[in-house]
Amino acid sequence: MLRRSLLVAAPGLVLARGALAQGANFGTASRPLRVGVTSGVHAQVLERVRDVLARDNFVVRITEFSDFIQPNVALQGGEIDANTYQHQPFLDAQKAQRGYDFVPVGKTVLTAMAVFSRKVKALSDLPNGARVAIPNDPTNGGRALVLLAEAGLFKLRAGADFRATVADITENPKRIRIVELEAATIARAIDDVDAAAITGNYAVPAGLMPGRDSLVAESAEGARTNPYTCLVVVRRADASAPWATKLAAGYADPSVKEFVEREFGGAVVSGA
């Protein structure tokens, strides 16, 4: 697991050395707000939020993680104060599985999932027995299966949603083989499979753009109400803390929204 911490203060602030001052106000040089995020797109957006908040002398320290699980482990353990990478279905699954008492206090961005291939130009061109990679976490895996089924690659049981598993495939005329991989590794494994379902936060750093390169992609419209729009998440006890409100508001700043629109070409859209 990768962790990379980034600490930036507004000009003129001097960072305290040694242990953080106990009881200091969050968002100060002596007690930066500690925010966890997955590497790539989510980290890039959070860096822009950090810079916006620094205008008000509010200090954010970013810790990057290389998987979807550790940011919640770190939040539960008090290593960070918030994280900003997960959508509601994933949060709900994590709470059910691990007993976390976390709540969302704002929205960040929507990263559309798309299916890419180095071997075929259309989903219908996949051969019999093709290997298709999907994320191995319960919600994004089901999300990928729904996307593939809606595109006509196979059929799922009636009513299947993001909780679907391969056991819910009811008709599979091409005998498609589903390969479940850690989401962060799928873009690197694309040459080893016939097609791969990748979320925008991992596709973009790999040079893959849903609107340009994909065989099929989710719509990125309606980000404010889309269940896959990612969230600012904190421990329940911190839900009404002023720093939580301030962090969430940073994502709604016009300069952050403009950055997202300019930088990611529609693969990522603001949900704040």
Side-chain angles (χ1 to χ4, degrees), residues 2 4 6 8 35-54 60 62-68 71 82-90 104 106-118 133-135 137 139-140 143-144 147 151 182-190 195-233 247-272:
L2 167 69
R4 180 165 68 92
L6 305 170
V8 172
V35 185
V37 69
T38 49
S39 298
V41 167
H42 290 300
Q44 288 178 261
V45 178
L46 179 56
E47 287 168 9
R48 187 54 57 103
V49 171
R50 172 204 62 195
D51 295 345
V52 166
L53 297 181
V60 172
I62 301 172
T63 300
E64 293 185 21
F65 297 85
S66 62
D67 65 43
F68 287 163
N83 61 48
T84 60
Y85 75 103
Q86 61 191 314
H87 50 60
Q88 190 69 55
F90 185 83
K107 295 186 177 182
T108 64
V109 295
L110 170 65
T111 62
M113 178 176 281
V115 179
F116 302 91
S117 176
R118 305 278 195 209
I134 68 170
D137 64 273
T139 53
N140 285 307
R143 179 184 179 186
L147 177 61
E182 185 178 340
T185 70
I186 296 178
R188 298 194 298 272
I190 192 170
I198 309 172
T199 50
N201 53 306
Y202 291 122
V204 171
L208 300 167
M209 300 298 287
R212 181 191 67 200
D213 306 314
S214 68
L215 307 182
V216 62
E218 291 176 336
S219 171
E221 296 182 0
R224 296 190 68 178
T225 58
N226 192 301
Y228 299 123
T229 296
C230 293
L231 309 165
V232 178
V233 174
L247 176 61
Y251 280 91
D253 186 90
S255 68
V256 174
K257 292 185 175 184
E258 189 276 333
F259 168 78
V260 170
E261 181 177 348
R262 181 185 71 251
E263 188 72 13
F264 303 117
V268 182
V269 295
S270 174

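Numbering starts at 1 and runs along the sequence shown.
- Checked against Thr111 for a side-chain contact (heavy atoms from CB on, under 4.5 Å), the options Val45, Val204, Asn201, Thr229 give a single hit: Asn201.
- Closest non-hydrogen pair, Val232 versus Ala248, comes out as CG2-CA, 4.1 Å.
- Ala151 approaches Val216 most closely through the heavy-atom pair CB-CG2, 4.0 Å.
- Heavy atoms only, all atoms of each residue included: Ala82 and Leu247 are closest at CB-CD2, 3.8 Å.
- His42 meets the ring-ring contact (aromatic ring centres under 6.0 Å, His included) test with no other residue; sequence neighbours excluded.
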(request) Under the side chain to side chain contact (heavy atoms under 4.5 Å, CB included) rule, what do Tyr251 and Leu46 come out as? Steps first, then yes or no, please. (result) CA-CA 8 Å; Tyr251 280 91; Leu46 179 56; 3.4 Å; yes
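- For the residue pair Phe116 and Leu208, the shortest heavy atom distance occurs at CE2-CB, 3.7 Å.
- Partners of Glu182 by side-chain hydrogen bond (donor to acceptor under 3.5 Å, both in side chains), not counting sequence neighbours: none found.
- For Ala144, the side chain to side chain contact (heavy atoms under 4.5 Å, CB included) test picks out Met113, Ile134, Pro135, Ala197, with sequence neighbours left out.
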(request) Decide yes or no on side chain to side chain contact (heavy atoms under 4.5 Å, CB included) for Val37 and Ile62, but give the supporting numbers first. (result) CA-CA 7 Å; Val37 69; Ile62 301 172; 3.8 Å; yes
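- For the pair Val52/Ser255, a side-chain contact is recorded, criterion being any heavy-atom separation below 4.5 Å from C-beta on.
- By the ring-ring contact (aromatic ring centres under 6.0 Å, His included) test, Phe90 pairs with Phe68, sequence neighbours left out.
- At a threshold of 4.5 Å between non-hydrogen side-chain atoms, the residues Phe65 and Ser39 do not count as touching.
- Within 6.0 Å of atom CZ in Arg224, 12 or fewer heavy atoms from other residues, nucleotides or ligands are found, so the atom counts as exposed in its surroundings.
- Taking the salt bridge (Lys or Arg N to Asp or Glu O under 4.0 Å) definition, one finds that Arg118 meets it with Asp191, sequence neighbours left out.
- With sequence neighbours excluded, the residues satisfying side chain to side chain contact (heavy atoms under 4.5 Å, CB included) with Pro104 are Gln88, Leu91, Leu231.
- Taken from OG1 in Thr199 to CG in Asn140, the straight-line distance is 6.0 Å, to the nearest 0.5 Å.
- Atoms CG and CZ, on Asp137 and Arg143 in that order, are 9.5 Å from each other to the nearest 0.5 Å.
- Under the side-chain hydrogen bond (donor to acceptor under 3.5 Å, both in side chains) criterion, Tyr202 pairs with no residue at all, not counting sequence neighbours.
- Closest approach of Met209 and Ala267 over heavy atoms only: CE-CB, 4.1 Å.
- In this view, Thr108 satisfies the side-chain hydrogen bond (donor to acceptor under 3.5 Å, both in side chains) rule with no residue, not counting sequence neighbours.
- Scanning for side-chain hydrogen bond (donor to acceptor under 3.5 Å, both in side chains) contacts around Asn226 gives an empty result, with sequence neighbours left out.
- Listed here is the closest heavy atom pair of Pro210 and Ala112: CG-O, 4.4 Å.
- Counting only residues at least two apart or in different chains, ring pair (Phe, Tyr, Trp, His ring centres under 6.0 Å) contacts with residues 203-224 are absent.
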(request) Show the numbers, then the answer: is there a side chain to side chain contact (heavy atoms under 4.5 Å, CB included) between Thr38 and Asp67? (result) CA-CA 7 Å; Thr38 49; Asp67 65 43; over 6 Å; no
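- Going from atom CG of Asp253 over to atom CG of Leu53 covers 8.5 Å, rounded to the nearest 0.5 Å.
- Using a 4.5 Å heavy-atom threshold, the side chains of Val60 and Val49 count as separate.
- Residue pairs meeting the side-chain hydrogen bond (donor to acceptor under 3.5 Å, both in side chains) criterion with at least one partner in residues 256-272, sequence neighbours excluded, are Glu258-Arg262.
- When the side chain to side chain contact (heavy atoms under 4.5 Å, CB included) test is applied to Ala249, no partner is found at least two apart in sequence or on another chain.
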